[in-house]
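Below is one structure, written out as structure tokens; comments come after it.
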Amino acid sequence: MTNQEIAKILYEISAYLEMQDVAFKPRAYEKVAEVVESLSEPLTSIHSKGGIKAIQDVPGVGISIAETIEELIKTGHSKHYEELKKNTPVDLANLIRVEGLGPKKIKALYNKLGVRNLKDLEKSAKAGKIRKLAGFGPKSEENILKGLDFLSRSSGRFTLGAALPLVRETEDRLRGLKGVKKAQVAGSIRRWKETVGDVDILVVSDKAELVMDYFINMPEVGRVLAHGKTKSAITLKNGLDVDLRVLPPESYGSALAYFTGSKAHNVALRQIAINKGYKLNEYGLFKGERQIAGKTEEEIYKKLGLDYVEPELRELTGEVEAAQEHILPNLIKRSDLRGDLQVQTNWTDGEKSIKEMASAAMKSGLEYIVITDHTKRLAMTNGLDERRIVQQMKEIDKVNAGLKAKGLKFTILKGSECDILKDGTMDLSDSTLSKLDVVGASVHSHFNLPREDQTKRIQKAISNPSVDILFHPTGRLIQRREAYAVDMGAIIDSAKKTKTVLEIDAFPDRLDLKDEYIRQCVEVGVKMSIDSDAHTDSHFSVLEYGVAQARRGWAKRSDIINAWPVSKMLKFLK
DNA sequence: GCCGTTTTCGGCCCGACTGTTTTCAGTCG
């Protein structure tokens with residue numbers, strides 16, 4: 001059972017208890033569900049290492065919830081959960097997704113109208129039965145129908161790459177409004193989470209109503225969910241939910257912290273505030289009635305005795321303790337990147353020439369790139385064979401000479417994105433690979449091998465003395481293709497032994513390595529590269545996603561080899 | 001159900017908005 005599946009059941013238990021008016025327990029289950037969701041290690045592995053005792057070490061988990069989790073891991077079932085479900089046999093997981101419906105209303109709908117699932121709900125709403133219930137009215141009935149309609153069309157979460165450009169544009173337009181002093185996106189986008197459920201934007205303005213009016217009337221708005229003086233919420237036509245808050249300047253920092261989250265991180269901050277005799281909310285840090293911080297995030301962390309925590313780290317995975325002990329890492333920045341180790345050209349499936357890609361990389365502030373076109377196994381990309389790659393090496397020499405003649409300090413290195421064949425051997429001969437500056441190895445076929453075989457295949461490839469980097473190590477495409485089955489713990493171990501670099505592919509639908517693997521690499525000392533995987537000249541812009549992902553994995557400049565000068569980087573490679 | 005640098009008992013984060021009410025419960029984040 002995955003952490004996500006366990007979290008889902010804990011959320012449901014919480015909702016069932018809430019339904020029955022049980023006090024405090026719902027919050028206890030919900031808290032644990034939130035923690036479990038963002039845990040970097042699978043509960044199954046925590047359990048297999050340390051048993052139920054180790055489960056109890058997860059924050060918020062006591063005897064009772066630990067037993068439920070252990071039961072789920074061992075049997076896939078929970079008696080407690082099934083008992084609750086038997087008492088109120090409703091499709092809680094789906095009903096609760098309807099905007100405006102919570103446990104209490106679902107209970108009333110079940111008790112009075114026998115609503116068990118979305119279908120029943122739609123029937124009752126359409127028959128006009130819901131408006132007659134106590135506590136409901138015509139408006140709630142209408143909202144339920146709207147919510148159902150939205151659910152049937154909604155695609156759920158967005159990739160960060162799809163949401164961020166839209167959000168930046170909205171931010172810019174809000175900044176341009178009269179009376180607006182600041183506009184800043186918070187929420188999971190500010191933490192650079194790879195997918196986005198909804199968007200939170202904060203605005204400092206003394207003309208709140210004007211801002212709200214503008215916001216709910218933007219042309220891309222599909223539906224207005226709430227419209228108040230300080231808070232409004234909309235759904236865009238493409239299904240993305242956006243919340244807007246207008247704040248006074250003295251609360252900007254506390255609101256930014258509050259709405260940036262994560263929720264678990266905030267709860268931890270709040271607890272520290274309480275322990276110090278303060279109160280922390282979105283309006284500031286208070287001692288009694290007096291605000292003692294709130295204008296900036298920095299002063300809030302400082303007053304709580306913490307070092308400033310970068311948004312990418314605020315997932316309650318040890319950053320609060322590290323901030324207390326003043327041992328937070330100095331995270332890598334976009335400006336630290338000097339090179340890009342995966343770039344394709346029109347020799348295979350890229351759009352631009354070697355020269356054009358080099359010039360775009362220079363404009364992006366880089367000092368070197370590695371040309372890594374595909375190899376012959378990927379016939380559909382016109383992959384290079386031994387003969388053509390030798391030609392390409394000559395071409396690179398020529399372009400480098402041209403750059404030097406112009407007095408430009410930029411280096412184009414010779415490389416390859418060489419296919420890993422089914423048996424773990426490489427698509428180009430060792431003698432060819434050994435002539436290249438940088439060899440990347442990639443899996444592009446046989447995604448469905450059994451986990452053990454896939455792991456061995458990749459281990460064999462990276463033990464090749466010419467292979468420097470494993471490109472997009474797990475092959476996932478966010479929301480489109482699962483990672484292939486592979487034991488990443490074993491791959492990271494092998495990378496350490498063979499001195500192989502693991503890539504963080506920065507393309508926003510890959511972000512492969514994901515954050516938790518990056519953190520494992522940092523912990524054991526496996527070096528990584530942040531590469532654009534550029535297929536055209538505009539693609540160097542995706543490097544910022546890769547840097548953010550690296551930061552989410554606690555990576556420093558010393559962990560990322562293309563943040564090093566080219567000579568040091570080359571010396572490090574095999 | 002969980003937790004403890006006042007506590008092993010007695011507290012639990014908290015404010016905005018909506019739709020129903022006529023002072024508030026439910027939902028959301």
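Every chain is numbered from 1 and lettered A, B, ... according to where its sequence line falls, protein lines coming before strand lines.
There is a side-chain donor-acceptor pair under 3.5 Å between A:T260 and A:R190. Using modelled atom types and a 3.5 Å distance limit, the side chains of A:E70 and A:H47 yield a donor-acceptor pair. A donor-acceptor contact closer than 3.5 angstrom links the side chains of A:D512 and A:T474. Side-chain atoms of A:E503 and A:H472 form no donor-acceptor pair, as typed in the model, at a separation below 3.5 Å.
Contact annotation: A:T230 side-chain N/O to B:dC17 OP1/OP2 distance is under 4.0 Å. The side chain of A:Y283 contributes no N or O atom lying less than 4.0 Å from OP1 or OP2 of B:dC13. Taking only side-chain nitrogens and oxygens, A:N281 comes nearer than 4.0 Å to OP1 or OP2 of B:dG15.
B:dC9 and B:dA16 have their C1' atoms separated by 33 Å, given to the nearest Å. Nucleotides B:dC13 and B:dT20, compared at atom P, are 30 Å apart to the nearest Å. Taking atom P on both B:dG11 and B:dC17, the two are 31 Å apart, rounded to the nearest angstrom. Distance noted for atom C1' between B:dG10 and B:dG19: 35 Å (whole Å). B:dT23 and B:dC28 are spaced 26 Å apart, taking the P atom of each and rounding to whole Å. One C1' atom belongs to B:dT7, the other to B:dC12, and the distance between them is 13 Å to the nearest Å. B:dT5 and B:dG15 have their C1' atoms separated by 30 Å, given to the nearest Å.
A:E299 and A:K303 are not joined by a salt bridge, as no carboxylate oxygen comes within less than 4.0 angstrom of a charged side-chain nitrogen.
Among the atoms of the strands shown, none is found under 4.0 Å from any heavy atom of A:V22. Heavy atoms of A:L280 sit nowhere under 4.0 angstrom from any nucleic acid atom.
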Going 5' to 3' through nucleotides 19-29 of chain B, assign each nucleotide B (protein heavy atom under 4.0 Å from a base atom), S (under 4.0 Å only from sugar-phosphate atoms) or - (no protein heavy atom that close). SS-----SSSB

Show me, pair by pair, the donor-acceptor contacts under 3.5 angstrom made by side chains of residues 106-119 of chain A, not counting sequence neighbours?
unit_1 : atom_1 : unit_2 : atom_2 : d
A:K107 : NZ     : A:M19  : O      : 3.2
A:N117 : OD1    : A:K119 : N      : 3.2
A:N117 : OD1    : A:D120 : N      : 2.8

Under 3.5 Å, which donor-acceptor pairs link side chains of residues 85-96 of chain A to any protein atom two or more places apart or in another chain?
unit_1 : atom_1 : unit_2 : atom_2 : d
A:D91  : OD1    : A:N94  : N      : 3.4
A:D91  : OD2    : A:N94  : ND2    : 3.0
A:N94  : OD1    : A:R97  : NH1    : 3.1

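Put simply, NE2 on A:H80 is 10 Å from C1' on B:dG1, counting in whole angstrom units. For the pair A:I63 CD1 and B:dG1 P, the computed distance is 11 Å after rounding to whole Å. Computed from coordinates, the A:I216 CD1 to B:dT18 P distance equals 10 Å when rounded to whole Å. Per the geometry, CZ belonging to A:R27 stands 23 Å off P belonging to B:dG10, to the nearest Å. In this structure, the OH atom of A:Y278 is 17 Å from the P atom of B:dC14, given to the nearest Å. Rounded to whole angstrom, the span from the CG atom of A:L17 across to the C1' atom of B:dG1 amounts to 9 Å. Atom CD1 of A:I272 and atom P of B:dT5 are 12 Å apart (whole Å). Here B:dG1 presents its C1' atom at 15 Å from CD of A:Q20, a figure rounded to the nearest Å.
Applying the 90° cutoff around 0 to the glycosidic angle, B:dT21 is assigned anti.
In this entry B:dT8 has no Watson-Crick or G-U wobble partner, no candidate having both defining distances under 3.5 Å.
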Evaluation steps, side-chain contact (heavy atoms from CB on, under 4.5 Å), between A:L337 and A:I560: CA-CA 8 Å; A:L337 289 190; A:I560 306 294; 4.3 Å; yes

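In terms of position along DNA chain B, the nucleotide closest to A:S64 lies nearer the 5' end than the nucleotide closest to the other residue of the pair A:H227 and A:S64. Both A:K25 and A:M212 lie near DNA chain B, and the one whose nearest nucleotide falls closer to the 5' end is A:K25.
Here CD of A:E67 is found 5.0 Å from CD1 of A:I52. Values are rounded to the nearest 0.5 Å.
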